[in-house]
Each structure stands twice: as C-alpha cells, then as structure tokens.
Participant: 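Got a structure for you, questions after.
Side-chain atoms are counted along with the backbone in the values below, which use heavy atoms only and exclude waters and symmetry mates. Here is how names work: the chains are called A, B, and so on, in the same order as the sequence lines, proteins then strands, and each is numbered from 1. On a predicted model such as this, the values are computed, not experimentally measured, just so you know.
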Amino acid sequence: MLQVAIVREQTDKIIAGLAKRNFKDAKALINQVLENDQLRRDTQKILDELKAKSNTDSRKIGELMKSGKQDEAAALRASVAADKDKVKSLEAELDAYEKKQLELLYKIPNVPHENVPAGVGADDNISVYQHGTVPQLDADALPHWELIKKYDIIDFDLGIKISGAGFPVYKGKGARLQRALINFFLDEAASFGYREIQPPIVVNEASGYGTGQLPDKEGQMYFVNEDGLYLIPTAEVPITNLYRDVLVAEDELPIKNAGYTPCFRREAGSWGAHVRGLNRLHQFDKVEIVQIRKAEESYQALDDMCAHVQGLLEKLELPYRKLLLCGGDMGFNSAMTYDMEVFSAAQQRWLEVSSVSNFETFQANRLKLRYKSKEGKSQLLHTLNGSALALPRIVAAILENNQTKDGIRIPKVLVPYTGFDIIN
RNA sequence: GGAGAGGUGGGUGAGUGGCUUAAACCAGCAGUUUGCUAAACUGCGGUACUGGGCAACCGGUACCGGGGGUUCGAAUCCCCCCCUCUCCGCCA
C-alpha cells in the first residue's frame, strides 16, 4: 500500500511510474485519493479543535464542582453535551474518509523502480542473463508427465482419488527426491546467512492483509471457514508477517529468514496442455527466502538474492535465464522483480521456478514494519522475498533434461541428499 | 469444549470516575563528575494522524488487548470479541 503522504508529495512521479504498468486508472484513482485526503484532513482539523475545547471544558467542570459552583458547572455541562453531538457526527465523517482512503489505496499497485521497463505482458520482459546449454534430447525423449509414469515416482491419479486434480502423490524415489531438494535448498540458504523458520501454514486474515494477498486475491487461497484461516499460497506470508507491527532495533538488521513450506493455490485459471503434469499444481513445495532491509541497502540485497538463486540453478546443472520483469508483468506489490526460468528440454519451454522481488515499503506500510535509527527516527523498512526454490518445475526440468536410456541422472550435488544417482 | 484468573509504555509493575500530563523501579539516551572503567548525580522520554514554520521547533487529537456503550469527563463502570495463564476434559 502506498503511503498517502507520498501520494500527496510525489503525485506526478507516482502517476508516471504507474503508467509503466499499463495501469490505466492511475490518474483518476490518485486524484480521488488526493481529494479524499484533503477532506479527511479538513475534517480532522475541525474535529480535533472541537475535542480540544470539550477536553478543557470537562476539566473546568471538575474544578467548578470542587469549588462548589454547581450552577456554573451545570451550564457548562449542557454546552459540552451539545458539542458532543457535533463530535459524534464529525467522527463518523472522519471514519468514512479513512475507510475510503484505505479502499482507494488498496486498489493502487506499487510504483515500479525507475529501472523497470514499461510493458504490458511477458513479451516485454527483458532477458538480462542466460546460463548453461540446452540439452539435445533424442527424438523419443519424453515429457516429465510420461517419465513419472514410466518410473512410477509421481502419481496424479492417486492424488485425484484422495484429494483432487493438482494434488500429486510422490512415491519412492520421487518422494525422496522432494525431500532431497528441500534439504539442499535449506542448507544452501543457511550457508547464505538465512535463519531457518518453520512457520504455520495457515494464517489469519490480518496476515493476509499484511503481505497483500487480501483484500483482492482471496480467490487464490484456500479458506478454512470454520476457523477463519487461510492456507498459505507461499511461505512469504507467515515469514514476512512475523514482523507485522514490529519496530526493530537498527542493530538487528539486516533480517534474513528462510523456510520450507507446502504452498496451496486454488488457481482459478485455465487447465490445458501448458499446465500439464507438474507445471501447475494446487499444492507444491517451496523454500522461500525473505529479507528485511534498510531502504538504502535493499537493491543490493535483491542482487544478492538473485545470485543465491542463480547459484542453486547452476549447482543443479539446469540451463536458465534471468528476466527483468516489465511493469505490466510484475506482481501488484512489487517495485522490481526478477524471474528465473529453467529450460525444460522435452517440453521445449522455459518454466518459471523463482521470482525475486523488492517490495520497498509497499508491504512494510501495511505491516507497520519499521526500524528506529540511531537518531531516534522510525522509518519503514524494505521487504524482499524470493523462491529458492519452488520444487515442481525444478523436478520437471531435472527429469526431462537428465533422461537417458538407462534412467534419469540425479545432479551430483543432490546425490548426498537422495542416496541414489539414478532413477530407473 | 467447561470453570476460574488475567491483558497497562522497551521490561517489571502501581493505578476503583476529574488530584494521571499513567506512579515507581529496571533498561535506554544525553549531560555532570572522572586518568580509564565502574559508580553516583541531573535531565530526557513512545507511536500514529494532524496544524503552523524553509527548518530547528512549537501546538492539537488519539492510543492502557480489539470493538462498542454509559458519562460533561473512562486505564478505571457496562456489553461483545480476541488472546494468555491455571485447573478439568479431549488428544499427536
């Protein structure tokens, strides 16, 4: 959520920035915010003055009664009682303006960083780096949804039986490979200085608002109606919300947390050839890295997080490319996002396996996540997160890219974790 | 799920309608003293919104778990909710 004071002070810059997202309502919405803000402040001024008067009058009543001037006290009491009606209606007015302000601000996405290119969709993203060579597979190479059947390691039909489409059952070496990847990713995160967190995988409404899944994206999350809890779509939600309403001391920074969780997504979108197999699921596993940083360090942190993720992909011997997302393809909350895509050789497609974002103060403003500087001023922090990594498409690429006549070769770095070097 | 007790500032904790502008202590910051450290002494206090001012700064309002209510006036009284603790029940 943008800060209203910044909307007020940097109106043109914000409108220009939002234009890069192809966000068409920007100017109208911003103008509504400004108009409402002016009304809100005018109302508050009048209300505060009236309350100040009531407060002094009330104190005076106490003094008059103490000194026995009952008549004067009674007269003043009547006058304050009259003011009270005005206070009530002004309070209702102010409340309405405040609600309206939130409602408007919730509709406005984050302002892209100046280096983010304008654009409307995936075609406008910029490939900033590419690594590795695309393997040349035999003509009879199989896509991963065939390989998993051939080697009996992941079972979609069993998942359908016990849960539904999009809930795969991992079996034998397939399950072991999942556990190996999770442990590998967590160990790597630890070596990059992240503290490991095991958070709850259901969260309350306040947490959903804190990281921006609510109010607009509730359709994306599974909801436990009985208890008012949401299944997390990503560990970002609980791990970032650890710091909701927190004023951190400067010497606690930077904060680096990482955690493995299953992730749940309802994904109302279409199902077809491009989402076959492991490409899109309702439940999947992911290790998430989250950093909380001072403003002046957050873009260095973003680069560090990308380097971490790229290192993982290189160790897994997967060809990948790094995209700087254009304004129109970035998430609502993000000021700058890099996507990492691995090449899945049998599908002949790039698959997004990680998204690394700097949200600047957009989440922190909702979270009320600040730090107190040595000068004693409290300032909003920057939040960042990235997948490091999401498993299913990594598994898809490993299966497809590493298939041989003898079976599927496990990347060397994973062998200590799997305990086997081939799936056959 | 049932019964009882609680929720006050960074921490401990006092506070049964106006004397609270939330005591006191601890921690913190600044200063004095000091060869250094420690101690002692003095002073300062949080957050959000907001008014005036280029600014330093000077004001206002709100905030004692959350929301409502009573009252001229609420940390204090009433109602609803959330959470914590103790005991019971259930249970990996």
Side-chain angles (χ1 to χ4, degrees), chain A residues 1-10 33-106 198 200-210 214 224-230 238 241-253 255 361-381:
Chain A
M1 187 170 66
L2 297 177
Q3 294 159 264
V4 71
I6 304 236
V7 174
R8 209 186 294 147
E9 287 155 21
Q10 303 179 21
V33 170
L34 292 174
E35 236 170 80
N36 188 73
D37 179 54
Q38 190 60 52
L39 291 168
R40 188 191 110 248
R41 285 187 295 155
D42 292 346
T43 305
Q44 186 177 341
K45 183 163 184 259
I46 298 166
L47 177 60
D48 283 355
E49 283 165 2
L50 191 57
K51 278 183 172 173
K53 178 173 176 284
S54 298
N55 285 345
T56 44
D57 285 351
S58 291
R59 246 170 270 139
K60 223 176 281 173
I61 290 170
E63 287 161 22
L64 289 170
M65 286 172 62
K66 236 182 293 167
S67 53
K69 298 174 181 165
Q70 298 295 336
D71 294 349
E72 284 178 52
L76 199 48
R77 190 180 294 159
S79 126
V80 177
D83 287 343
K84 195 186 150 188
D85 290 340
K86 280 186 239 163
V87 167
K88 278 239 160 131
S89 75
L90 283 168
E91 273 176 342
E93 226 174 282
L94 182 62
D95 193 53
Y97 290 131
E98 284 172 350
K99 283 208 173 92
K100 180 78 179 172
Q101 174 174 306
L102 265 183
E103 199 179 292
L104 290 167
L105 290 176
Y106 278 148
Q198 247 192 55
I201 61 171
V202 293
V203 294
N204 58 25
E205 192 179 45
S207 297
Y209 275 92
L214 298 175
V224 184
N225 193 45
E226 187 84 14
D227 302 292
L229 296 170
Y230 295 85
N241 269 284
L242 297 177
Y243 295 87
R244 172 154 46 82
D245 293 320
V246 169
L247 185 65
V248 302
E250 190 168 13
D251 58 13
E252 290 173 52
L253 294 166
I255 291 167
T361 59
F362 198 79
Q363 287 182 327
N365 186 35
R366 283 200 194 184
L367 292 162
K368 297 198 182 71
L369 165 53
R370 294 153 302 163
Y371 82 102
K372 181 166 271 199
S373 67
K374 291 210 168 68
E375 299 77 49
K377 290 210 166 186
S378 68
Q379 273 182 279
L380 290 175
L381 284 157

Participant: Salt bridge or not for A:Lys45 and A:Asp42, using N-O below 4.0 Å?
Facilitator: no
Participant: Do the side-chain N or O atoms of A:Arg59 get closer than 4.0 angstrom to the phosphate oxygens (OP1, OP2) of B:C72?
Facilitator: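 Negative; the distance criterion is not met.
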Participant: Using atom CZ of A:Arg40 as one end and atom P of B:A62 as the other, report the distance to the nearest whole Å.
Facilitator: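 After rounding, the gap between these two atoms is 16 Å.
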Participant: For the pair made of CG in A:Asp57 and C1' in B:C72, what is the distance, rounded to whole Å?
Facilitator: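 The answer, rounded to whole Å, is 9 Å.
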Participant: Kindly check if the number of other-residue, nucleotide or ligand heavy atoms within 6.0 Å of CD (A:Gln198) is above 12?
Facilitator: no
Participant: Under a 3.5 Å cut-off for both contacts, is B:C54 paired Watson-Crick or G-U wobble with anything, and if yes, with which nucleotide?
Facilitator: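 B:C54 is paired with nothing.
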Participant: Counting only Watson-Crick or G-U wobble pairs whose two distances fall under 3.5 Å, which nucleotide matches B:U34?
Facilitator: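 Base-paired to nothing in any strand shown.
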Participant: If pairing requires Watson-Crick or G-U wobble contacts with both distances under 3.5 Å, which nucleotide is the partner of B:C29?
Facilitator: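 Paired with B:C29, as far as the under-3.5 Å criterion goes, is B:G43.
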Participant: What's the closest nucleotide to the A:Arg8 side chain, out of B:U50, B:A48, B:G18?
Facilitator: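 Taking heavy atoms from C-beta onward, the closest nucleotide is B:U50.
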Participant: Under a 3.5 Å cutoff, is there a donor and acceptor pairing between the side chains of A:Asn204 and A:Ser207?
Facilitator: yes
Participant: Roughly how many Å is it from CG in A:Leu94 to P in B:C63, rounded to a whole number?
Facilitator: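 Those two atoms, CG and P, are 13 Å apart.
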Participant: Figure out the CG/C1' separation between A:Asn204 and B:C81, and round it to whole Å.
Facilitator: 15 Å
Participant: If we call it a pair only when both distances are under 3.5 Å in a Watson-Crick or G-U wobble match, what pairs with B:C77?
Facilitator: B:G69
Participant: Nearest to the side chain of A:Ala52, heavy atoms from C-beta on, is which of B:G60, B:G73, B:A62?
Facilitator: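 Closest nucleotide among those given: B:G60.
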Participant: Is B:A92 paired to anything, Watson-Crick or G-U wobble with both distances less than 3.5 Å, and if yes, which nucleotide?
Facilitator: none
Participant: In whole Å, measure the gap between the P atoms of B:G45 and B:G10 for me.
Facilitator: 15 Å
Participant: Now, which nucleotide makes the Watson-Crick or G-U wobble pair with B:A5, with each of the two distances under 3.5 Å?
Facilitator: B:U84
Participant: When you measure from the side chain of A:Lys88, which nucleotide among B:G18, B:U50, B:U70 comes out closest?
Facilitator: B:U70
Participant: Check whether any side-chain N or O of A:Asn55 sits under 4.0 Å from OP1 or OP2 of B:G73, and answer yes or no.
Facilitator: no
Participant: So does A:Arg77 get a side-chain nitrogen or oxygen closer than 4.0 Å to the phosphate oxygens (OP1/OP2) of B:G18?
Facilitator: no
Participant: Could A:Lys88 and A:Glu93 be called an ion pair, given the rule that one side-chain N must be under 4.0 Å from one carboxylate O?
Facilitator: no
Participant: For B:C49, give its Watson-Crick or G-U wobble partner with both distances under 3.5 Å, or none.
Facilitator: B:G60
Participant: Under 3.5 Å for both donor-acceptor distances, Watson-Crick or wobble: does B:A22 have a partner, and if so which one?
Facilitator: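 Matched B:A22 with nothing under the 3.5 Å cut-off.
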